Amino acid sequence: MCRSIKTLRPPVLPEEATEDEIRAAALQYVRKVSGFRAPAAHNREVFEQAVDAVAEATTALLAGLEVRGAARRVG
């Protein structure tokens, strides 16, 4: 796991993760998996699509998680 990706769920994060935090984690993941810090021009579109897809999946995951002992977040 990439060490610069932080946990984005309560109680580790006191409030809901922001869109910027989710996108930053997605970017770090795609960088790690692709092996590229910044894509070449010919790979930029697919790189950005991957970041968008990972961010969307992360948002869905966080919205669906239920942390035991904590009230389920709505919204």
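Just so we're clear, the structure is a prediction, and the values are computed from it rather than from any experiment.
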Minimal non-hydrogen separation, [X] against [Y], with atom names:
X	Y	result
Tyr29	Val54	CD2-CG2, 3.8 Å
Ile22	Ala55	CG2-O, 3.6 Å
Phe47	Arg37	CZ-O, 4.3 Å

If you round to the nearest 0.5 Å, how far is CD of Glu16 from OG1 of Thr59?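 Here the rounded value is 10.0 Å.
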For the atom pair CZ (Arg9) and CG (Leu62), what is the distance rounded to the nearest 0.5 Å? 9.5 Å
Tell me whether Val46 is reachable from Val30 by hopping between hydrophobic residues (I, L, V, M, F, W, Y) whose side-chain heavy atoms are closer than 4.5 Å.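 No, it is not one cluster - the side chains of Val30 and Val46 are not joined through contacts under 4.5 Å.
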Hey, are Glu48 and Arg23 close enough for a salt bridge, meaning a charged N less than 4.0 Å from a carboxylate O?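 Answer for the salt bridge query: yes.
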Please check: side-chain N/O of Glu21 versus main-chain N/O of Thr18, any donor-acceptor pairing under 3.5 Å?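 Yes; at least one donor-acceptor contact below 3.5 Å.
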With no hydrogens and no angle check, is any side-chain donor or acceptor of Ser34 less than 3.5 Å from a backbone partner on Phe36? yes
